Colleague: 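So that we are looking at the same thing, I have put the structure below in structure tokens.
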Amino acid sequence: MSTRYVFLDRDGVINESPAPGEYIRSETKFRLLPNAANWIRLFNALEFLVIVITNQRGVALRLMSEDDLARIHRKMLVELAAKGARIDDVFYCPHAEDSCECRKPKAGLVYAARDKWNIDLAHSLLMGDSDNDEQLAAACGLAFVRVVDGHLA
Ligand SMILES: [Mg+2]
Ligand SMILES: [Zn+2]
């Protein structure tokens, strides 16, 4: 059997969402949702590989740097690891609206992950909290699970 994959949106799935129109700009604002480590440990136990895909337009808007984002993602991985949960890779879009092929619901992040990890999308899953995520899943043939603030919708 080939390896199966789960794509996870970040804000609203793994960590508390920022206020509308806001961004998590520094690791001090990054707070794991209570269920995040549990989901991820379950996927780890099922031997899915876990890949985060996230839009982070705050970089293009110069509200944070890619170094800030790297620090945030390091904190995410470290805090999850402390709870026994492993994320295998992180892909993000730092670009402005309508300026790239990777800002969700465009499929660039999923395709980049597919090409790197040789993913069979038809046997993979996306968990997300937005219509963007649902549209992306439909366009890529991924199963979709809707989450609201870390709870199954
Ligand atoms: Mg989200
Ligand atoms: Zn992009």
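If you're wondering where the values come from, they're calculated on a predicted model, not measured in any experiment. Position 1 is the first residue of the sequence; numbering continues from there. First listed ligand is number 1; within each ligand, the first listed atom is number 1.
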Colleague: Test salt bridge (Lys or Arg N to Asp or Glu O under 4.0 Å) on Asp133 and Lys104; report intermediate values, then the result.
Modeller: CA-CA 7 Å; Asp133 294 310; Lys104 298 184 292 180; 2.9 Å; yes
Colleague: Relative to the Mg ion (ligand 1), which of the N, O or S atoms in Asp9 is the closest?
Modeller: OD2
Colleague: Do side-chain atoms of Asp68 reach the backbone of Ser26 as a donor and acceptor pair under 3.5 angstrom?
Modeller: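 No, Asp68 side chain to Ser26 backbone: no donor-acceptor pair under 3.5 Å.
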Colleague: Would you give the angle at the Mg ion (ligand 1) between Asp129 atom OD1 and Asp11 atom O, to the nearest 10°?
Modeller: 100°
Colleague: Could you check which N/O/S atom of His95 is closest to the Zn ion (ligand 2)?
Modeller: ND1
Colleague: Please name the residue in the list Val52, Ile53, Ile51, Val90 that meets the side-chain contact (heavy atoms from CB on, under 4.5 Å) test with Leu109.
Modeller: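 Checked Val52, Ile53, Ile51, Val90 against Leu109; only one passes side-chain contact (heavy atoms from CB on, under 4.5 Å): Ile53.
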Colleague: Step through the shown structure and confirm whether more than 12 heavy atoms of other residues, nucleotides or ligands are within 6.0 Å of CG on Asn118.
Modeller: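 No - once you tally the heavy atoms of other residues, nucleotides and ligands closer than 6.0 Å, there are 12 at most.
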Colleague: To the nearest 10 degrees, calculate the angle at the Zn ion (ligand 2) involving SG of Cys102 and SG of Cys100.
Modeller: 120°
Colleague: Kindly confirm whether the Mg ion (ligand 1) is within less than 2.8 Å of some N/O/S atom in Asp133?
Modeller: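 For Asp133, the answer is no, given that no N, O or S atom comes within less than 2.8 Å of the Mg ion (ligand 1).
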Colleague: Heavy atoms only: give me the nearest Gly12-Asp129 pair and the separation to one decimal.
Modeller: CA-OD2, 3.4 Å
